[in-house]
Every structure is written in structure tokens, then in C-alpha cells.
Amino acid sequence: MSMNRLFAAGMLGVSLTMTAIPSAQAETLKIVNGSATSALNVPMNRAVVVESDQPFAELSIANPGIADISTLSDRSIYVLGKAPGRTTLTLLAPDGKLITNVDVQVSLDVAEFKERLQQILPGEKIEVRTANDGIVLSGVVSSTARLDRALDLAERYAPDRVSNLLSVGGVQQVMLKVRFAEVQRAVSKQLQGGLTVAGNTSDLSTVIGVGSGGLALGAPNPVTGLSPISAGVSPNAANAGQGFFGFSLGSYQVQVLLEALETKGLVRTLSEPNLSALSGQEAKFLAGGEYPIPVLNTNNTVTVEYKPFGVELAFTPRVVDGDIINLAINAAVSSIDTTVTVESDGITLNAFKRREAETTVEMRDGESFAIAGLLQDDFNDTNGQVPWLGDLPVLGSLFRSADFQRSQTELVIIVTPHLVSPTRGEALALPTDRVKAPTEAELFLFGKTASQGASKGAVGEVARQDYSGSYGYVME
């Protein structure tokens with residue numbers, strides 16, 4: 001049984017050896033009639049056999065550091081590639097005559113790299129070449145993500161020696177549609193009261209007034225010396241929301257004033273900038289203005305710097321793979337705040353209100369993303385009263401003033417990227433294409449500020465559309 005096992009193990013070893021032989025066979029270059037059929041290309045760390053049709057006596061290699069040689073017989077040579085480069089192999093006949101010089105080119109072994117490249121990136125048209133001790137990639141890939149994968153794989157085989165000649169196919173221009181929507185709501189409520197008691201006798205005149213609201217007193221009565229509240233009061237904005245009444249108790253007159261005021265406000269701003277850019281390139285947009293700010297220099301001279309404000313947008317798109325777009329976005333909405341001022345050397349400067357969002361998102365063509373939502377809710381309650389009197393149960397409201405203010409601001413920024421391609425100029429229409437200067441007869445005789453004519457072609461078709469209906473944004 002032991003001999004059988006030994007025989008089986010031997011047969012297994014022979015079979016494994018015979019299986020490994022074909023993969024270890026080297027390429028062969030034949031030398032016929034004293035010249036090589038072609039140049040000898042030897043992959044680094046691999047071998048090539050050179051066969052000659054006539055026997056040789058001596059052979060030499062110009063640069064042993066590039067290739068190593070050894071004789072297998074008087075007609076066969078074993079050439080091993082050691083380092084990338086180019087050298088010459090010389091063969092001499094037994095009589096000392098030159099048989100031939102063979103150019104030996106040793107390059108990187110890219111066969112395995114090509115196989116791995118096809119496995120990882122199937123279907124991509126990538127050509128692989130060697131250049132000295134590096135790898136050159138050329139062709140067209142479908143996306144930047146696949147390009148990065150090919151470069152990363154090449155770096156494994158030739159670190160820091162990869163030349164990238166690849167180009168990315170498909171649409172590589174991105175148009176970004178951004179919608180800025182902001183709503184501001186403000187509510188203010190005020191309630192104030194006042195009480196005045198006035199009296200007059202033949203030798204004494206007394207007036208007592210308490211409360212937080214103001215009283216509008218008219219001209220004094222020539223008999224009593226009192227100033228009635230109803231006199232001299234006109235219905236204007238100064239006393240809007242005021243209610244008052246008065247009555248007399250003998251020689252005393254009582255006057256009561258109540259002031260209640262409520263204000264509401266709503267503001268909506270909307271901006272929709274569109275901007276196009278090439279993949280990997282930054283694009284900027286500003287719709288607004290610049291505010292001058294004086295700046296004092298070190299030599300006591302004043303220069304003016306301009307600070308931009310309005311709707312600002314800066315983004316860098318990157319088409320990652322197919323229709324997947326990576327966006328690095330910086331969006332801001334700013335305005336001049338006239339409620340906050342700073343004075344310096346007689347110059348009054350205003351502050352700025354600024355809402356900014358900076359982020360990086362990834363989405364497909366046509367998809368939308370709300371990158372920022374800001375809800376700001378501010379309220380202020382103020383209650384003022386006359387000590388002790390304001391704490392009275394019912395009548396205490398005449399000696400108190402209440403002020404309630406609430407402000408809400410909501411901001412939403414929505415972005416939508418699109419892959420776009422350029423089109424012919426005649427297919428595009430401008431707002432000015434719908435406006436044509438009138439003739440003198442149309443202007444002076446008929447009072448028309450624009451002519452009825454329109455351009456021709458695709459622009460004319462757009463210009464002839466009816467724009468007399470509703471347009472713009474509808475606020476509910």
C-alpha cells in the first residue's frame with residue numbers, strides 16, 4: 001500500500017509539472033540568414049528564447065543591467081529581462097564573423113494589468129502601452145469615476161510612472177437651476193390706556209394724569225379751565241386705533257383713553273438663477289450689487305472697498321458616473337440692513353443681513369435637493385404699568401401698556417442639476433427678440449412704443465407667442 005501511495009504521489013507531481021509547463025513557456029525569436037526577424041521584446045522578469053539557424057561561438061549583451069543572457073546550446077540563447085530599457089545582443093560565428101545584432105527591448109509586463117483592467121472595467125476602450133519604465137493609458141472612458149479606477153489600478157503596477165491620455169466621453173456640461181424662496185411675516189400688537197382727572201375751583205386748579213397712553217387735549221374751556229379730550233383731535237395716523245371718553249363729576253372732569261393697534265406684514269422674495277459649467281470647473285453668479293465701505297489704511301489714507309450683496313451662487317459640478325452629478329455648492333442671500341448702522345469719522349454705514357449655505361451633494365440628472373431650510377422665529381413681549389394701580393382687577397388695564405411683536409422668516413434653497421449640450425444659436429430666443437423699435441408713424445400717429453413686426457425663423461415663432469395673459473408669480 002505504501003508503494004501505491006508513493007506511485008500515486010509521483011504521478012500527481014508529474015501531472016502538476018506538465019500542467020505548469022505551458023504557462024512557463026517563453027516566446028521564441030528566430031534568426032534566419034544572419035538577421036533577426038524582428039526586434040526582441042522581453043517583458044521585465046520574464047524570459048525569451050532566441051534561436052539561430054547557424055551555430056554561434058560567442059555572444060554578448062551591451063548592458064547586462066537591462067537583460068541577462070545564458071546559452072542553452074550552440075543555437076539557442078536564453079534572454080531574461082531585468083530592468084526597463086533598450087540594449088543590443090551580439091552573436092559571433094566560430095570564425096569570428098558577426099552573425100547579427102539583435103535589439104532587445106525590456107519593458108514592464110502589462111499583460112496581467114490588461115487582464116485586470118478588463119475584469120474591473122469591462123467594455124471600456126482603454127489602450128495600454130509602455131514607455132520606458134512607465135505605463136501610458138489612452139482611449140475614451142464613459143465617466144470620471146471609471147477613469148479614476150483605471151488610474152488607481154495602473155498605479156499598483158507602476159507607482160508614480162503612469163501617463164494619463166484618457167478622455168471622458170458623454171455629456172460633461174452641467175446646468176444648475178437654483179430656487180431661492182424666502183417669506184417674511186411680521187405681527188405687532190399694542191394695547192395702552194390712560195386716565196386723567198382735572199378739577200377747578202375759584203382758587204385752585206388741579207390736573208392728575210396716570211397711565212401709559214398719551215392724551216390729546218384740546219383748547220382749555222374759558223369757564224372751567226379744563227382741556228376737553230375731544231377737542232383738537234383729528235382722525236390721522238398719529239392717533240389711529242385710539243378710543244377715548246370723558247365725563248364730569250361736579251367741578252371735576254374724568255378723561256379715559258384706550259389705544260389698541262395691530263399691524264401685519266408679509267414679504268415674499270423669489271430668485272431662480274440658472275448657471276452652466278463644465279465638469280470640474282467652478283462657476284459663479286451674482287444678482288444684486290456692491291456696497292461701498294471706506295477702509296482706513298496704515299498710512300492714514302482712506303480707500304473704498306466694495307462688498308457684494310444680493311443672490312450669490314458658486315458651484316463646482318463633477319459628472320461622476322453616467323448621469324450621477326457631484327455638486328459642491330455655496331449659495332447665499334444677502335441684503336442691506338438699514339436698522340443697524342455704524343458711524344465712523346462722520347460716515348454712516350449700514351449692516352448686512354446674510355443667509356448662506358455651503359455643502360456638497362450628489363444626485364442624478366433632473367433630481368432636486370433642498371440643501372437648506374431656515375426658519376427663524378423671533379418674538380418680544382413688553383408689559384409696562386403704573387406701580388400698584390396696574391395690579392387692580394379690571395381698572396388695572398387703564399394703567400398698563402402691553403406690546404407684542406413677532407417676526408418669522410423662512411428660507412428654502414432647492415437645487416436641480418441637468419446634463420446639457422450646446423445647441424444652434426438660431427434656436428434660442430432672447431427677451432429683446434420680442435421687442436422691435438416702432439416707426440415714426442407708429443410712434444407719433446398711433447402712440448405705439450413697439451412695432452408689431454417680429455423676427456423670422458425659430459426666434460420669430462417664439463416672438464409671435466401671446467404674452468398678453470397672466471404672467472409672473474402668483475402669491476396666495
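Only this structure's heavy atoms are used, side chains among them; waters, hydrogens and symmetry mates stay out.
For the residue pair Glu442 and Pro438, the shortest heavy atom distance occurs at OE1-CA, 3.4 Å. Of all non-hydrogen atoms in Leu80 and Arg46, the two that sit nearest each other are CD1-O, 3.4 Å. The shortest non-hydrogen separation linking Ile135 to Ala154 is CD1-O, 4.3 Å. Across all non-hydrogen atoms, the minimal contact from Leu275 to Ala283 is CD2-CB, 3.5 Å. Considering all non-hydrogen atoms of both residues, Pro294 and Ile347 come closest at CG-CD1, 3.9 Å. Nearest heavy atom pair, residue Ser60 against residue Leu89, reads O-CD1, 3.3 Å.
When atom types are taken as modelled, the side chain of Gln118 and the backbone of Glu115 share no donor-acceptor pair closer than 3.5 angstrom. Panel note: side chain Ser407, backbone Ala186; no donor-acceptor pair is recorded below 3.5 Å. With hydrogens and angles ignored, the 3.5 Å screen pairs a side-chain donor or acceptor of Asn164 with a backbone N or O of Leu166. In this structure, Thr87 contributes its side chain and Asn63 its backbone to a donor-acceptor pair below 3.5 Å. No side-chain donor-acceptor contact under 3.5 Å links Asn297 to the backbone of Val302. Listed for the Thr71 side chain is no donor-acceptor partner under 3.5 Å among the backbone atoms of Ser73. Thr100 places no side-chain N or O within donor-acceptor distance of the main-chain N or O of Val102, the cut-off being under 3.5 Å. Of the possible donor and acceptor atoms, none in the side chain of Ser271 sits under 3.5 Å from a partner among the backbone N and O of Phe180.
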Check step by step if side chain to side chain contact (heavy atoms under 4.5 Å, CB included) holds for Ile325 and Arg364. CA-CA 6 Å; Ile325 305 171; Arg364 295 185 180 274; over 6 Å; no

Please assess Asn326 against Thr360 for the test side chain to side chain contact (heavy atoms under 4.5 Å, CB included), listing each intermediate value before the final yes or no. CA-CA 7 Å; Asn326 181 284; Thr360 301; 3.7 Å; yes

Given salt bridge (Lys or Arg N to Asp or Glu O under 4.0 Å), test Lys177 with Glu272 step by step and report yes or no. CA-CA 7 Å; Lys177 298 177 64 176; Glu272 294 188 5; over 6 Å; no

Given the rule in the side chain to side chain contact (heavy atoms under 4.5 Å, CB included) test, do Ile77 and Phe56 qualify, once you have shown the distances and angles that lead to the verdict? CA-CA 10 Å; Ile77 309 169; Phe56 56 85; 3.5 Å; yes

Please report the C-alpha distance between Lys353 and Phe309 in whole Å, then the side-chain angles of each, then the deciding distance to 0.1 Å, and finally whether the side chain to side chain contact (heavy atoms under 4.5 Å, CB included) criterion is met. CA-CA 9 Å; Lys353 292 181 180 179; Phe309 67 92; over 6 Å; no

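Side-chain N/O atoms of Asn350 and Thr341 include no donor and acceptor closer than 3.5 Å.
Partner of Thr301 under the side-chain hydrogen bond (donor to acceptor under 3.5 Å, both in side chains) criterion, out of Thr303, Asn299, Thr298: Asn299 alone. For the side-chain hydrogen bond (donor to acceptor under 3.5 Å, both in side chains) criterion with Arg129, the lone passing option out of Ser107, Ser163, Ser138 is Ser138. Here the options are Lys307, Lys284, Arg354, Arg355, the test is salt bridge (charged side-chain N to carboxylate O under 4.0 Å, His left out), and the partner is Glu312; only Arg354 passes. With Val162 as the partner, the side-chain contact (heavy atoms from CB on, under 4.5 Å) test is satisfied by one option alone out of Leu153, Asp152, Leu151: Leu151.
Within 6.0 Å of the CZ atom in Arg179, the count of heavy atoms belonging to other residues, nucleotides or ligands does not exceed 12. In the displayed structure, Phe404 atom CZ is contacted under 6.0 Å by more than 12 heavy atoms of other residues, nucleotides or ligands.
Ring orientation note: the planes of Tyr291 and Phe352 are nearly perpendicular, at an angle over 60° on the 30°/60° scale.
Salt bridge present: Arg406 and Asp377 bring a charged side-chain N and a carboxylate O closer than 4.0 Å. Remark: Asp68 does not engage Lys82 in a salt bridge, criterion side-chain N to carboxylate O under 4.0 Å. By the 4.0 Å N-to-carboxylate-O rule, Glu112 lies too far from Arg156 to be salt-bridged with it.
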